[in-house]
Amino acid sequence: MREVSQEIKDEYEKIKDKISFEEFLNKMDEYKKENADVSFIDDVSFAHMVVGDYITEKNEPLGEKRNSGR
């Protein structure tokens, strides 16, 4: 098995109930192949991309949060 950084393991923890670790690594490899010509994307970024496929987080502008209690 290949060496995996703690950051990548932490990303996998977010979706471990959705896919296996092997599937996670395979999806990372797919993104690497698709983006082989982009030199600034690292393994952690690919891990973020895989997690993004499974998790959609709602982003609220900070202004709305601050003003909602008034």
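Y12 meets the ring-ring contact (aromatic ring centres under 6.0 Å, His included) test with F21, F24; sequence neighbours excluded.
Crowding of E23 atom CD: a count of heavy atoms from other residues, nucleotides or ligands under 6.0 Å exceeding 12.
With rounding to the nearest 0.5 Å, the separation of CD1 in I8 from CG in D42 is 8.0 Å. Rounded to the nearest 0.5 angstrom, S45 OG and F40 CZ are separated by 8.5 Å.
At least one side-chain heavy atom of K32 sits less than 4.5 Å from a side-chain heavy atom of D29.
Of all the heavy atoms in M28 and D43, the pair that sits closest is CE-O, 3.4 Å. The heavy-atom pair separating V4 from K9 by the smallest distance is O-CE, 3.5 Å. For the residue pair E11 and V51, the shortest heavy atom distance occurs at O-CG2, 3.3 Å. Between K27 and Y54, the shortest heavy-atom contact is CE-OH, 2.8 Å.
In this model, a donor atom of one side chain and an acceptor atom of the other lie less than 3.5 Å apart for D10 and Q6.
Salt-bridge formation is not detected for the pair K33/E30: no Lys NZ or Arg NE/NH1/NH2 atom is positioned less than 4.0 Å from an Asp or Glu carboxylate oxygen.
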